[in-house]
Amino acid sequence: MALRLYDTVTRTVRDFVPLEPGRVGIYLCGLTVQAGPHIGHLRSGVNYDVLRRWLAHSGYEVRFIRNITDIDDRILATSIQAGRPFWAIAYANERILSAAYDALGVLPPTYEPRATGHVPEMLELITALLADGHAYQAEDGSGDVYFDVKSYADYGALSGQRPEAMQAAPDGPERAKRDPRDFALWKGPKPDEPPDAYWPSPWGRGRPGWHIECSAMCQRYLGAEFDIHGGGLDLVFPHHENEIAQSRAAGLGFARYWVHHGLLNFGETKMSKSLGNVLDLDGVVALGVRPVELRYYLIAPHYRSRIDYSDEALREAGAAYRRLEGFVQRAAERVGAGEPGVLCAEFVEAMDDDLNTSRALGIVHDVVREGNSALAADRDDTVRGALGSVRAMLGVLGVDPLDPQWTFKEPGAELHDAVDELVLIALRQRDEARARKDYAAADAVRDGLKQAGILVEDTPHGPRWTIGGRP
RNA sequence: GGCGGGUUGGCCGAGUGGCUUAGGCAAGGGCCUGCAAAGCCCUGUACGCGGGUUCGAUUCCCGCACCCGCCUCCA
């Protein structure tokens with residue numbers, strides 16, 4: 001069975017058939033960088049990272065484009081408020097975003113285009129839309145250019161909205177739209193906005209509307225027609241509807257599959273910068289949860305499910321991950337790390353079924369249980385097989401504990417060998433005490449190590465130690 | 001008002017017309033251990049409410065309640 005994906009257009013799970021055999025082009029609407037990312041944003045990056053890894057593992061050559069929106073109303077508002085150039089704010093936040101993605105093991109996209117770097121492509125697209133009568137210049141001298149929604153018959157096909165039934169946007173007195181549903185392709189200058197936020201155009205100085213950038217960048221990097229376009233559920237309307245309208249109206253085939261992920265709620269409502277109820281990566285780390293555990297938390301539910309965030313659920317995910325990690329670590333100590341092995345057929349089936357990571361992780365836990373039993377029974381061949389399989393499956397999900405992504409970045413990792421020597425000295429004393437059945441002395445050593453955050457466990461193959469319960 | 005999604009055992013979270021059912025966390029019992037820890041085994045129980053279809057529904061249909069998202073910036 002090959003991959004099946006839920007497509008928002010058809011509202012069904014359907015077979016994924018690429019435009020070109022063996023290749024996949026994906027465009028993911030990235031973030032508007034008027035602030036750093038919260039964990040809801042990071043869910044988006046992680047979800048698509050899993051899709052991308054799964055496609056790559058399935059043998060596809062993946063071209064994955066994830067944009068950065070570095071010019072828009074909110075960035076300009078932040079700029080005015082902070083008294084700093086909008087581009088400085090956007091860039092600083094872009095760096096924070098990249099660092100967060102790195103910390104979560106989100107692979108860099110094939111390319112990460114910025115909106116401001118693609119104004120010429122946007123102008124070209126807008127020019128074509130004007131020429132074909134799909135767009136018009138505002139007659140109030142504002143310099144705005146709008147897309148004429150009535151000129152595109154299929155408007156609303158993605159979101160199921162009927163233009164005539166839609167609530168009219170309260171645009172009020174500003175600007176001259178012919179129809180309230182029309183949306184800006186190009187925005188003329190406004191007196192209260194930073195003067196460096198504008199580019200020359202055939203219609204005077206101005207800046208792009210929000211939607212046109214994605215159409216332009218899709219075309220530039222993925223061509224007129226491409227496989228998958230993704231983003232959060234909240235982008236279905238109007239953003240993606242508008243992208244489709246302007247791209248198709250311009251004669252482009254555009255996206256063949258629309259994949260939208262569920263949002264992350266915080267308390268009663270979605271986590272949102274504008275509502276101020278945000279938790280970011282630093283906040284998660286402050287709770288004592290490692291980035292890899294956050295990643296596990298974000299992929300444990302299906303990508304289309306809503307996540308109602310809670311500290312408790314996050315910590316539970318950490319505990320669940322540590323169970324997997326513990327097996328991998330103990331198995332590697334016994335039989336060597338080896339190489340990632342074969343995926344379970346059921347795992348493949350789950351992933352092919354619209355990326356059912358939840359079920360896939362259930363399979364991994366099953367294999368870990370078998371592996372743990374084999375470990376206890378000294379069936380090393382079985383341990384080796386389970387370890388390879390578990391590592392391969394966790395690798396696809398981006399959470400293989402032995403991936404250098406996670407092993408090389410633990411703070412103080414370089415001290416590990418030194419600590420190991422010191423702990424071994426203590427453990428030798430403990431062994432001597434145990435040999436003469438002086439358990440008080442033996443336990444004193446273990447308690448002392450525990451005070452230092454080092455947990456000692458006895459195994460049939462001798463004692464092993466971990467820091468804070470983590471391998 | 002329009003469009004869409006949801007309501008699963010103590011918690012998180014998959015899934016399915018009946019069959020063995022996820023899986024994890026937490027809890028209790030057991031095995032192992034000098035004691036622990038880890039691990040393994042066992043236990044518990046669920047499908048919002050009311051109808052309908054069916055031999056049989058948590059799963060399909062209808063209605064109701066509640067929750068959430070979008071229609072305005074939003075991952």
Side-chain angles (χ1 to χ4, degrees), chain A residues 8 11 28-32 34 37-48 69 72-75 77 156 159-171 181 210 230-239 241 260-265 268-275 296-297 300-302 304-308 310 312-324 326-327 329-330 346 350 353 356-366 368-377 434 437-440 442-443 446-447 450 455-460 463-466 469:
Chain A
T8 306
R11 302 197 187 271
L28 169 63
C29 280
L31 300 192
T32 301
Q34 96 277 16
H38 61 242
I39 61 174
H41 296 130
L42 298 176
R43 180 188 191 188
S44 176
V46 168
N47 280 154
Y48 285 92
T69 298
D72 96 316
D73 291 356
R74 288 171 300 156
I75 295 175
S159 61
Q161 302 277 351
R162 295 188 312 278
E164 63 277 10
M166 291 184 335
Q167 230 169 43
D171 278 276
R181 266 88 53 166
W210 174 32
L233 215 44
D234 54 351
L235 295 183
V236 174
F237 192 92
H239 185 52
E241 195 73 70
H260 291 101
H261 68 263
L263 303 182
L264 188 146
N265 274 210
E268 292 300 300
T269 181
K270 68 175 174 173
M271 198 172 278
S272 164
K273 284 182 268 199
S274 46
L275 296 173
Y296 183 97
Y297 173 70
H302 185 86
R304 283 193 284 116
S305 300
R306 189 182 76 209
I307 295 180
D308 283 311
S310 74
E312 195 192 352
L314 178 61
R315 290 204 174 91
E316 281 181 9
Y321 179 70
R322 270 176 261 126
R323 172 180 145 79
L324 305 179
F327 164 70
Q329 196 63 37
R330 288 190 302 277
E346 292 155 298
D353 183 14
N356 194 331
T357 51
S358 197
R359 211 164 81 212
L361 282 171
I363 307 297
V364 176
H365 277 283
D366 288 342
V368 162
R369 191 181 318 107
E370 289 164 23
N372 276 326
S373 295
L375 220 35
R434 293 178 75 199
K437 299 216 189 304
D438 183 356
Y439 294 121
D443 288 351
R446 188 171 63 193
D447 291 346
K450 191 178 179 184
L455 300 181
V456 176
E457 299 168 14
D458 293 315
T459 77
R464 66 187 291 268
W465 65 270
T466 53

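Side chains included, hydrogens not; waters and symmetry mates left out as well; all remaining heavy atoms used. No experiment lies behind these values; they were computed from the predicted model shown. Every chain is numbered from 1 and lettered A, B, ... according to where its sequence line falls, protein lines coming before strand lines.
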**Student:** So which protein N/O to nucleotides 27-34 of chain B N/O distances come out below 3.5 Å?
**Tutor:**
{"from": "B:rG34", "atom 1": "N7", "to": "A:R434", "atom 2": "NH2", "distance (Å)": "3.2"}
{"from": "B:rG34", "atom 1": "O6", "to": "A:R430", "atom 2": "NH2", "distance (Å)": "3.4"}
{"from": "B:rG34", "atom 1": "O6", "to": "A:R434", "atom 2": "NE", "distance (Å)": "3.3"}
{"from": "B:rG34", "atom 1": "N1", "to": "A:D443", "atom 2": "OD1", "distance (Å)": "3.0"}
{"from": "B:rG34", "atom 1": "N2", "to": "A:D443", "atom 2": "OD2", "distance (Å)": "2.8"}

**Student:** Under the side chain to side chain contact (heavy atoms under 4.5 Å, CB included) criterion, do A:H261 and A:L233 qualify, and how do the steps go?
**Tutor:** CA-CA 6 Å; A:H261 68 263; A:L233 215 44; over 6 Å; no
**Student:** Who passes side chain to side chain contact (heavy atoms under 4.5 Å, CB included) against A:D438, sequence neighbours left out?
**Tutor:**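 A:D438 satisfies side chain to side chain contact (heavy atoms under 4.5 Å, CB included) with A:A433, A:R436, A:A440, A:A441 only.
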**Student:** Ignoring hydrogens and geometry, is there a side-chain-to-backbone donor-acceptor pair from A:E241 to A:S159 under 3.5 Å?
**Tutor:**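 Present.
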**Student:** In whole angstrom, give me the gap between the C1' atoms of B:rU8 and B:rG23.
**Tutor:**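 Taking atom C1' in both B:rU8 and B:rG23, they lie 14 Å apart.
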**Student:** Quick one: does any side-chain atom of A:R43 pair with a main-chain N or O of A:G262 as donor and acceptor, under 3.5 Å?
**Tutor:**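 Yes, A:R43 side chain to A:G262 backbone: donor-acceptor pair under 3.5 Å.
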**Student:** In chain order, what residues pass the side chain to side chain contact (heavy atoms under 4.5 Å, CB included) check against A:E370, with sequence neighbours excluded?
**Tutor:**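 Here no residue qualifies.
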**Student:** Just compare B:rC40, B:rA38, B:rA75 and give me whichever is closest to any side-chain atom of A:L264.
**Tutor:**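 The answer is B:rA75.
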**Student:** Mind checking if A:D366 touches a base, just sugar-phosphate, or nothing, with heavy atoms under 4.0 Å?
**Tutor:**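 A:D366: backbone/sugar contact only, no base atoms under 4.0 Å.
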**Student:** Counting just side-chain N and O atoms, does A:N356 come under 4.0 Å of either OP1 or OP2 of B:rG15?
**Tutor:**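 Affirmative; the distance criterion is met.
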**Student:** What does A:V456 touch in the nucleic acid at a heavy-atom separation under 4.0 angstrom: a base, only the sugar-phosphate, or nothing?
**Tutor:**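 Counting heavy atoms under 4.0 Å across all strands, the contact made by A:V456 includes a base.
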**Student:** Without decimals, in angstroms, what is the distance between A:Y296 OH and B:rA14 C1'?
**Tutor:**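 Distance, rounded to whole Å: 12 Å.
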**Student:** Taking the nucleotide of RNA chain B with the nearest heavy atom to each, does A:G362 or A:H261 sit closer to the 5' end?
**Tutor:**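 Between the two, 5'-proximity favours A:G362.
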**Student:** Would you say A:T32 reaches B:rA75's phosphate, i.e. side-chain N/O to OP1/OP2 under 4.0 Å?
**Tutor:**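 Result: yes.
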**Student:** Determine: side-chain N/O of A:R323 to OP1/OP2 of B:rC40, distance under 4.0 Å, yes or no.
**Tutor:**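 Checking B:rC40 against A:R323, a side-chain N or O does come within under 4.0 Å of OP1 or OP2.
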**Student:** In whole Å, measure the gap between the C1' atoms of B:rC47 and B:rG10 for me.
**Tutor:**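 Each nucleotide's C1' atom is 16 Å from the other's.
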**Student:** Which residues satisfy the ring-ring contact (aromatic ring centres under 6.0 Å, His included) test with A:H302, sequence neighbours excluded?
**Tutor:**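 With neighbours one apart ignored, the set is empty.
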**Student:** Listed by chain and number, what are the salt bridge (Lys or Arg N to Asp or Glu O under 4.0 Å) partners of A:E312, not counting sequence neighbours?
**Tutor:**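 For A:E312, no residue satisfies salt bridge (Lys or Arg N to Asp or Glu O under 4.0 Å) once neighbours in sequence are set aside.
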**Student:** Using Watson-Crick and G-U wobble pairs whose two distances are both under 3.5 Å, how do you write the pairing of RNA chain B as dot-bracket, with | for links to another strand?
**Tutor:** (((((((..(((.....[....))).(((((.......)))))....(((((..]....))))))))))))....
**Student:** Given atom NE2 of A:H365 and atom P of B:rA14, what is their separation to the nearest angstrom?
**Tutor:**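 Taking NE2 of A:H365 and P of B:rA14, I get 14 Å after rounding.
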**Student:** Distance check, C1' atoms only: B:rA14 and B:rG9, in whole angstrom units.
**Tutor:**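 14 Å, rounded to whole Å.
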**Student:** Tabulate atom names and distances for all N/O pairs under 3.5 angstrom spanning the protein and nucleotides 6-13 of chain B.
**Tutor:**
{"from": "B:rC11", "atom 1": "O2", "to": "A:E316", "atom 2": "OE1", "distance (Å)": "3.4"}
{"from": "B:rG13", "atom 1": "O2'", "to": "A:S358", "atom 2": "OG", "distance (Å)": "2.9"}

**Student:** Does the A:Y48 side chain pair with the main chain of A:G231, one donor and one acceptor, at a distance under 3.5 Å?
**Tutor:**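 Yes, the answer is positive, given that a donor and an acceptor are paired below the 3.5 Å cut-off.
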**Student:** Would you mind telling me which of B:rA75, B:rG24, B:rG15 lies closest to the side-chain atoms of A:A320?
**Tutor:**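 Of the candidates, B:rG24 comes closest.
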**Student:** Which part of the nucleic acid, if any, lies within contact of A:G45, taking any heavy atom under 4.0 Å across all strands shown: a base, the sugar-phosphate backbone alone, or nothing?
**Tutor:**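 Nothing, no nucleic acid heavy atom in range.
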**Student:** I need the CG-P distance between A:L263 and B:rC68, as an integer number of Å.
**Tutor:**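 It works out to 14 Å between those atoms.
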**Student:** I'd like to check the salt bridge (Lys or Arg N to Asp or Glu O under 4.0 Å) partners of A:R304; sequence neighbours left out, ordered by chain and number.
**Tutor:**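 Salt bridge (Lys or Arg N to Asp or Glu O under 4.0 Å) check on A:R304 returns A:D354.
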**Student:** Using atom C1' in both nucleotides, what's the gap between B:rU59 and B:rU21 to the nearest angstrom?
**Tutor:**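 Looking at atom C1' only, B:rU59 and B:rU21 are 15 Å apart.
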**Student:** Using heavy-atom distances to pick each residue's nearest nucleotide on RNA chain B, tell me which of A:I363 and A:G231 is more 5'.
**Tutor:**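 By nearest-heavy-atom nucleotide position, the 5'-most residue is A:I363.
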**Student:** Go through the structure and list residues passing salt bridge (Lys or Arg N to Asp or Glu O under 4.0 Å) with A:R446, not counting sequence neighbours.
**Tutor:**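 With neighbours one apart ignored, the set is A:D443.
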**Student:** Take atom CG of A:L455 and atom P of B:rA38, then tell me their distance rounded to the nearest Å.
**Tutor:**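 To the nearest whole Å, that distance equals 9 Å.
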**Student:** Work out how far the P atom of B:rA38 is from that of B:rG44, and round it to whole angstrom.
**Tutor:**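 My reading of the P atoms in B:rA38 and B:rG44 gives 24 Å.
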**Student:** In whole angstroms, how far is the P atom of B:rG39 from the CD atom of A:E370?
**Tutor:**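 Whole-Å distance recorded here is 16 Å.
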**Student:** Give the rounded distance in Å between these two atoms: CG of A:L28 and C1' of B:rA75.
**Tutor:**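 Between C1' of B:rA75 and CG of A:L28: 8 Å.
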**Student:** Could I get the full list of ring-ring contact (aromatic ring centres under 6.0 Å, His included) partners for A:F327, not counting sequence neighbours?
**Tutor:**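 Scan of A:F327 (ring-ring contact (aromatic ring centres under 6.0 Å, His included), adjacent residues dropped) gives none.
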**Student:** Using 30° and 60° as the class limits, which term best fits the ring planes of A:Y296 and A:H365: parallel, tilted or perpendicular?
**Tutor:**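 Ring orientation, 0 to 90° scale: perpendicular.
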**Student:** Counting only side-chain N and O atoms of A:H41, is one of them less than 4.0 Å from OP1 or OP2 of B:rA75?
**Tutor:**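 Affirmative; the distance criterion is met.
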**Student:** For A:S358, check side chain to side chain contact (heavy atoms under 4.5 Å, CB included) against everything at least two apart and list the hits.
**Tutor:**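 So A:S358 forms a side chain to side chain contact (heavy atoms under 4.5 Å, CB included) with A:N356.
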**Student:** Respond yes when some side-chain nitrogen or oxygen of A:N372 is under 4.0 Å from OP1 or OP2 of B:rC40, and no when none is.
**Tutor:**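 True: A:N372 side-chain N/O within range (under 4.0 Å) of B:rC40 OP1/OP2.
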**Student:** In this structure, how many angstroms lie between the P atom of B:rC25 and the CZ atom of A:R315, rounded?
**Tutor:**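 Whole-Å distance recorded here is 16 Å.
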**Student:** Taking the same atom, C1', in B:rA46 and in B:rG15, what whole-Å distance lies between them?
**Tutor:**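 To the nearest whole Å, 13 Å.
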**Student:** Can you tell me how far P of B:rG69 sits from CG of A:L233, to the nearest Å?
**Tutor:**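 It is 11 Å, rounded to the nearest whole Å.
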**Student:** Who pairs with A:R369 by salt bridge (Lys or Arg N to Asp or Glu O under 4.0 Å), at least two apart in sequence or on another chain?
**Tutor:**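 For A:R369 the salt bridge (Lys or Arg N to Asp or Glu O under 4.0 Å) partners, ignoring immediate neighbours, are A:D366.
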**Student:** In whole angstrom, give me the gap between the P atoms of B:rC41 and B:rG48.
**Tutor:**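 Result for the P pair: 30 Å, nearest Å.
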**Student:** Measuring only the P atom in each nucleotide, how far is B:rU7 from B:rG17? A whole number of Å is fine.
**Tutor:**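 Roughly 16 Å separates the two P atoms.
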**Student:** A:R369 side chain N/O closer than 4.0 Å to the phosphate oxygens (OP1, OP2) of B:rG24?
**Tutor:**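 True: A:R369 side-chain N/O within range (under 4.0 Å) of B:rG24 OP1/OP2.
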